[in-house]
Amino acid sequence: MAKVIIIMGSASDEAIVRPCLDVLTELGISCSATVSSAHRSPDRTERIIAEAGDAQVFICAAGMAAHLAGAVAARTTRPVIGIPVYGNALGGMDALFSTVQMPPGIPVATVALNGAKNAAWLAAEILALQDGELARKLKDARLKMQAEVEKAADRLQPAGGA
Ligand code: RP5
């Protein structure tokens, strides 16, 4: 059963959401991904939440008047992470504000515009609170990032240089 349920508002969001799936898969976190819209298919969205089983975290990606994450958060007390999807007309500000400006009591942890990778990392950090092995993987990943920065710095500035 999926620990993380990813819902995107439209099939057109798939390319933006894909890196989220990649990070979760890399970390060995079971997840499922589907399409459902807060506006176009509200009943389907409600059904997905009702049938979420043991899923611990929802990740919702949507653009424009992006109510998907909020609509899911309204119907569950499990953590909901929102990915506002960039759209041309208002430069993504519509989706960003729609996702981030939730009323007190119904939080949506909003990542950056198109921030699919960080949605996955945040979901992993939530799950790692109850999973020692996952917590270790996250620490290892941080060490790897540090090493990559060192490597990049070394490439630009050979050892012994000014
Ligand atoms: C939102 O409207 C979707 O999440 C998508 O980002 C945007 C456009 O949807 P389509 O018209 O491409 O289906 O609901």
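Residue numbers count from 1 along this sequence. First listed ligand is number 1; within each ligand, the first listed atom is number 1.
- Across the listed options Asp13, Leu68, Val35, Val17, Asp13 owns the non-hydrogen atom lying nearest to atom 6 (O) of ligand 1.
- Between Ile81 atom CD1 and Ile126 atom CD1 the span is 4.5 Å, to the nearest 0.5 Å.
- Of the candidates Ser98, Gly92, Gly63, Ala61, the one placing a heavy atom closest to atom 14 (O) of ligand 1 is Gly63.
- For Ser12, every heavy-atom contact with ligand 1 shorter than 4.0 Å involves the side chain, none the backbone.
- With contacts defined as side-chain heavy-atom distances shorter than 4.5 Å, the pair Val72/Ile5 does not qualify.
- Between Ser37 and ligand 1, no N or O atom pair is found at a separation short of 3.5 Å.
- Proximity of Val111 to Trp121: side-chain heavy atoms (C-beta onward) are nowhere separated by under 4.5 Å.
- If you look at Met8 next to ligand 1, there are no close heavy atoms at all, none under 4.0 Å.
- Heavy-atom contacts of Ala62 reach the following atoms of ligand 1: 4 (O) (cutoff under 4.0 Å).
- Of the protein's non-hydrogen atoms, the one nearest atom 2 (O) of ligand 1 is Met64 SD, 3.7 Å.
- Linking ILVMFWY residues whenever their side-chain heavy atoms come closer than 4.5 Å, directly or via other members, places Val57 and Val23 in the same cluster.
- Among protein heavy atoms, atom 11 (O) of ligand 1 sits closest to Arg40 NH2, 3.0 Å.
- Using a 4.0 Å cut-off between charged side-chain N and carboxylate O, Arg136 and Asp140 make a salt bridge.
- Val17 is not listed as a side-chain neighbour of Glu14, based on a closest heavy-atom distance of 4.5 Å or more.
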